[in-house]
Amino acid sequence: MTPEKDKTAEKMTSLKAAWDKAPAGPKKDAALKHYRAAEKAHTAKNDAETNKELDAATHALA
């Protein structure tokens, strides 16, 4: 993997861990929507979109 892909995968893992620990509610629901979009973009090998969605998910959990 390239360093960029490693960083994206690490970001996804850490976000998933934060999502798992978050209390149920609208913030968690919004973050899940963004996380799923990030997974879809990651599968399509679109790193820019993946990172955008991961940032949006992180922001939703904040």
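Numbers here simply count residues along the sequence, with the first being 1.
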Exercise for the section: Kindly write out the residues that satisfy side-chain hydrogen bond (donor to acceptor under 3.5 Å, both in side chains) with D55, not counting sequence neighbours, or none if the list is empty. Expected result: K11
Problem - With sequence neighbours excluded, residues passing side-chain hydrogen bond (donor to acceptor under 3.5 Å, both in side chains) with D29 - result: none
Considering residues at least two apart in sequence or located in another chain, which fulfil the side chain to side chain contact (heavy atoms under 4.5 Å, CB included) criterion with [X]?
| X | result |
| --- | --- |
| K28 | W19, A22 |
| A18 | L61 |
| K27 | none |

Problem - By salt bridge (charged side-chain N to carboxylate O under 4.0 Å, His left out) - contacts of E49 (at least two apart) - result: K52
Practice task
Enter the distance from L54:CG to K7:NZ here, rounded to the nearest 0.5 Å.
Solution key: 11.5 Å
Handout entry: Straight-line distance of T8 OG1 to K45 NZ, nearest 0.5 Å
Key = 12.0 Å
Give me the atom names and distance for the closest heavy-atom approach of [X] to [Y].
| X | Y | result |
| --- | --- | --- |
| T50 | N46 | OG1-O, 2.8 Å |
| Y35 | K16 | OH-CB, 3.8 Å |
| A57 | L15 | CB-CD2, 3.3 Å |

